[in-house]
Enquirer: 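Take a look at this one; I'll ask things after.
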Amino acid sequence: MPGGQLVTSINQRLPETALMADAEAVWVRPDAIREVCALLKETQGLEFNLLSSVTAVDYVEHFDVVYRLTSIPRNATAVVKARVFGRERPTLPSVSVLWKGAELQEREAYDLLGVVFSGHPNLKRILTWEGFKGHPLRRDYLEPPLPYSWPHGG
Amino acid sequence: MTLHTQPVVVNIGPHHPSTHGVFRMRLTFDGENIVDVEPVVGYLHRGTEKLAEERHYTQVITLTDRLDYVASMTNNEAYVLSCERLVGLEAPERGKYLRVIAAELQRIVSHLIGTGFFLQDLGAFATPLMYCMRERERILDLFEMLCGARITVSYMRIGGVFQDAPDEFWPALRKLLDELPRYIDELEGLITTNEIVLARTKGVSPVTPEQAINGSWTGPVLRSTGVDWDLRKAAPYDAYDKVAFDVVVGENGDNYDRYLVRIREIRESIRIVEQCVKQIEPGPVRATTAMLFKPPPGEAYVPVEAPKGELGFYLVSDGSIKPYRCHIRAPSFINLSLLREMMVGWKMSDAIVSLGSLDFNMGEVDR
Amino acid sequence: MGDLLRENTLYGNIYDWAIGIVGEDLAWLAYTVAVMAIILLVVNAFLAMGTLYTWAERRIIGRFQSRVGPNRVGPFGLLQAIADAVKLLFKEDIVPRAADRIVFNLAPIAMLAPSVMALAVIPFGQTSYLANLNIGLLYLIATSGIASLAVMMAGYASSNRYAMFGAMRAVAMLISYEIPLVMVLLAVALLAGSMSLVDVMTSQAIPFLLVTPLGAIIFFLAISAELNRSPFDITEAESELIAGYLTEYSGMKFGVFYLAEFANVLLAGAIFSTLFLGGWPWWTPLSHVWFLVKVMAFAFIAIWVRSTIPRFRIDQIMVIAWKVLFPLSLVNVAAIAIEVVAWPERTLPQLVIMGIINWGITAVATVAVTRAWRASNGLRVSPSARAVRLEVG
Amino acid sequence: MYGSGMMKGFGVTIRNLFRKPVTVQYPEEKVRQSSRFRGQEFSWFEDRCTGCASCAKYCPLGIIRIVTSPSDRHKQDGADFNIDVFDIDQARCMYCGLCVEACPYDALHMGTNFEGAQLRRQDLVITVDVLRKRAKHPSTWYRPQLERQDFDPYKQEADMQTVAREPYYWHPKRPAMLPESARKEATADGEYK
């Protein structure tokens with residue numbers, strides 16, 4: 001579904017939530033992401049009932065959290081993005097109350113990119129181990145040096 | 001004296017015969033009944049997404065082989081489709097058909113493995129598994145003819161497939177297509193109407209369509225609940241819009257339906273390959289691209305119907321020769337989100353079987 | 001004193017040889033030596049058969065699964081079992097720190113002992129038995145009861161949760177299946193008019209398999225459960241409990257468990273052929289071979305079952321024991337009791353009549369109980385995935 | 001019902017009991033791979049290699065190490081190098097074949113062998129000497145010209161003239177591999193023949 005169309009349908013019901021759009025995606029206010037998702041999921045005529053994926057992209061000065069929604073009855077997709085700022089604890093609400101499928105993916109985004117999803121029932125590291133320092137998929141992540149040198153032919 | 005009972009916590013995994021890799025579940029038992037379940041993953045995390053950021057677009061293809069290592073062809077396909085979308089490139093017709101043939105054969109392989117290990121989890125002493133493996137080997141032989149490798153295929157390239165099929169491929173494929181249905185019949189004779197299989201799987205761990213969609217399930221497990229959703233129909237890619245096939249849909253979403261959907265999908269895949277063999281025409285298999293693929297800034301995501309579900313690579317390009325961000329929407333990983341719904345209240349044996357019926361792959365879960 | 005031994009030529013020869021060495025005055029010593037030698041012979045022959053059987057099972061299962069099976073050590077891989085034993089002997093003997101050491105070490109012995117003890121009453125061939133015990137069937141039941149204790153010991157002492165799960169399952173299952181098993185033995189004892197296994201065998205004018213098929217089926221299922229064989233192998237279900245009560249065992253202790261399990265299959269085959277297949281009363285010199293053939297047939301069927309069907313769940317196993325096999329065995333006992341009163345001589349024509357009646361009872365009872373069970377379980381068979389045809393775009 | 005489904009299963013297994021097993025007893029008998037098989041040992045034709053290191057650049061793992069030095073040969077063309085080091089670290093190689101795909105002069109080919117186990121990891125590094133001495137059984141992977149010739153790597157050895165897309169010409173006008181004397185002559189004349 002084109003971003004412009006999404007902007008109008010979102011702003012109709014939640015004014016001044018959708019900020020901008022391009023051909024595919026719509027950017028919304030991060031603190032309203034749960035309302036937007038609920039709107040897209042439940043409104044007649046939109047019905048984006050399948051949360052295909054949740055992920056985040058690190059653009060150094062901000063993070064784009066990308067929600068990819070699919071409507072099974074209408075066979076349409078929508079891309080909703082939320083731009084969160086800050087390197088310490090970029091926070092936005094979790095959508096795991098709407099979709100159980102978001103739980104693991106939000107944990108993954110938190111683990112690898114350090115985006116905090118407030119309201120998530122069990123937000124802890126998932127792919128890396130407990131006690132891992134840093135978030136490896138951030139652009140400024142530096143791998144700590146190996147305590148040993150990699151052997152030639154090893 | 002009073003007797004106290006308390007729930008028992010058992011770690012199934014990370015090294016356990018039926019967790020298909022290094023998957024770990026913390027199961028809380030009340031006797032034999034499951035009270036709580038928590039999946040713990042990450043033991044096979046190799047940082048594929050990070051590695052992809054450090055490699056050329058073409059080099060990432062070799063990484064995708066290692067995600068779902070029983071379905072490398074589909075991984076390749078999903079990745080190159082996203083790359084092609086970045087530049088608006090399209091593969092030539094013959095390349096598209098070869099991709100479909102490879103991907104459907106791969107789907108048969110993956111479903112055979114899934115079925116075999118499902119029965120292994122049920123306690124059949126490796127016999128169905130061995131029969132499945134036997135047929136799988138024949139398909140892997142075909143892959144070896146196509147691309148010189150059996151599992152880590154790296155067959156597809158941005159703009160098509162890397163090379164046309166050799167001459168000996170087509171007779172071998174013909175022979176396989178003639179013989180495979182008979183073997184599938186035999187496998188079904190061993191399993192489908194077996195009373196013990198029915199008693200163990202029918203009505204066990206049912207998932208409703210609403211639950212399945214809410215849990216972001218995709219692929220055969222979603223279809224087994226009765227939702228008619230197949231990306232090959234919904235958003236046709238490659239040559240899927242030119243072949244006729246049925247979307248196999250289950251009814252109850254229980255373990256038995258998940259098995260049955262897979263077996264029926266094998267038959268549909270054979271049908272698709274048959275049609276491709278008929279329709280394919282000589283021609284180029286690969287669009288000319290520069291060896292060093294350099295897309296303009298932008299992003300692309302093309303989901304494909306992998307054997308485990310919707311697989312897609314979300315590629316963000318900044319105009320350089322390496323992807324800026326490569327997120328993998330891994331179906332096996334996301335299909336794990338309903339473990340609690342599937343397992344709580346059932347017995348330990350059922351939990352193992354449900355896990356087998358999900359047919360996940362740790363290479364893809366942990367990436 | 002040696003008269004009992006002289007019934008069998010081989011045993012008599014051993015006794016005579018012993019007497020020749022120590023003299024008639026020390027006949028008691030000769031008797032002791034001879035009996036020891038005979039026991040040594042029988043037990044070792046039995047365990048050697050057990051090891052050979054592990055090879056046979058692996059080879060045959062391999063062929064069932066369109067593989068080859070072990071064929072590297074020795075001709076056709078025959079020495080594989082020995083190679084395995086040597087490997088197990090050389091392995092480190094690991095005892096978990098939290099384990100109950102004494103019980104942990106006793107469990108393998110308690111597992112192997114009953115199967116060796118049961119050998120005493122099995123008639124392998126004409127006059128080839130160690131003891132013609134007049135309560136042979138009772139003795140069998142008593143010894144087989146020890147095995148479930150051994151499983152519990154192993155599971156408890158390992159202090160491992162998988163092992164404990166396996167042990168609890170095993171105890172529940174073994175005790176449940178003991179009841180139909182004993183019921184069937186009761187029916188057989190009624191039919192033969194004796195509890196001595198030798199008498200049971202000699203009284204089979206036609207094999208009891210044909211006279212009481214229901215009993216044979218129940219016995220086969222129950223003994224499969226007692227043996228932890230598929231489809232009742234929940235005790236050490238390797239896809240669920242890793243190895244059940246065996247999880248913490250390694251080295252030769254594991255080997256003893258393993259050996260006991262496979263030896264038990266042979267023992268079960270021996271009991272089955274004694275009770276139902278008419279044993280040996282054919283041409284006497286070949287009676288041992290004939291007996292062995294029957295045991296092998298039983299073992300082959302056990303292997304076939306193991307390679308074909310998956311296992312039941314614990315509650316289903318309990319349902320089968322209590323709701324299916326138990327009522328069926330009651331029916332069996334009642335029918336045979338009435339028949340024995342009606343035709344007390346048990347001559348060939350009488351046995352034929354009994355057999356005809358029992359076949360009818362078997363068919364009716366099986367259908368009735370299966371139906372009742374299915375109705376109570378809501379188990380319906382209809383492959384339900386449907387194909388939705390969509391138009392081609 | 002009443003075990004009929006199970007009976008069907010018993011039928012299936014008993015039928016398989018009398019079938020020939022599919023197992024191939026590996027060390028005694030070997031399955032023949034397809035000629036495209038991406039094998040372990042690499043076939044490398046030194047005379048075709050210019051030392052451009054495209055393969056090293058394309059290796060996703062960076063396990064190819066190439067060191068070159070200017071040579072006296074073909075000075076007029078200005079581009080023939082001695083290959084001093086050509087290390088392929090097989091211990092980390094995943095046989096994806098991208099190096100072969102990248103080679104612009106068809107000098108590097110995948111091999112056909114798969115039995116290269118070594119006791120030490122250091123021994124898994126293929127050095128330039130090993131590459132030089134090895135019998136050349138190149139796989140036809142990404143080499144359609146070999147497939148067109150019906151090249152069977154399990155029976156034949158490849159020579160450097162037929163292995164490539166086009167026969168070896170350093171210069172379009174001049175056939176390669178001139179004998180030493182002829183080469184000198186050619187350089188003296190300043191003209192190629």
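Letters A, B, ... mirror the listed sequences (proteins, then strands); counts begin at 1.
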Enquirer: Mind running side-chain contact (heavy atoms from CB on, under 4.5 Å) on Gln25(D) and Asn71(C) for me, showing each step along the way?
Expert: CA-CA 10 Å; Gln25(D) 299 277 310; Asn71(C) 66 344; 3.3 Å; yes
Enquirer: Report the C-alpha separation of Ile14(D) and Trp304(C) in whole Å, then their side-chain angles, then the decisive distance to 0.1 Å, and conclude whether the side-chain contact (heavy atoms from CB on, under 4.5 Å) test is met.
Expert: CA-CA 8 Å; Ile14(D) 199 82; Trp304(C) 191 7; 3.6 Å; yes
Enquirer: Count the heavy atoms belonging to other residues, nucleotides or ligands that lie under 6.0 Å from CZ of Phe90(C), then report whether that count exceeds 12.
Expert: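 Not buried by this count: 12 neighbours or fewer within 6.0 Å.
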Enquirer: Side chain of Arg63(C), backbone of Arg19(D): donor and acceptor closer than 3.5 Å?
Expert: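 At least one qualifying donor-acceptor pair exists.
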Enquirer: Once rounded to the nearest 0.5 Å, what's the spacing between atom OG of Ser307(C) and atom CZ of Phe10(D)?
Expert: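 Taking OG in Ser307(C) and CZ in Phe10(D), the distance rounds to 8.0 Å.
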Enquirer: Of the non-hydrogen atoms in Val68(C) and Pro21(D), which two are nearest, and what is the gap between them?
Expert: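 Taking Val68(C) first and Pro21(D) second, the nearest heavy atoms are CG2-CB, 4.0 Å.
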Enquirer: Does either side chain, that of Thr308(C) or that of Thr13(D), offer a donor lying less than 3.5 Å from an acceptor on the other one?
Expert: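 Result is yes, a qualifying pair exists.
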Enquirer: Measure across Leu17(D) and Phe300(C) and return the closest heavy-atom pair with its distance rounded to 0.1 Å.
Expert: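 Between these two residues, the closest heavy atoms are CD2-CZ, 3.8 Å.
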Enquirer: Could you check whether atom CZ of Phe114(D) has more than 12 heavy atoms from other residues, nucleotides or ligands sitting under 6.0 Å from it?
Expert: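 More than 12 heavy atoms, drawn from other residues, nucleotides or ligands, come within 6.0 Å of this atom.
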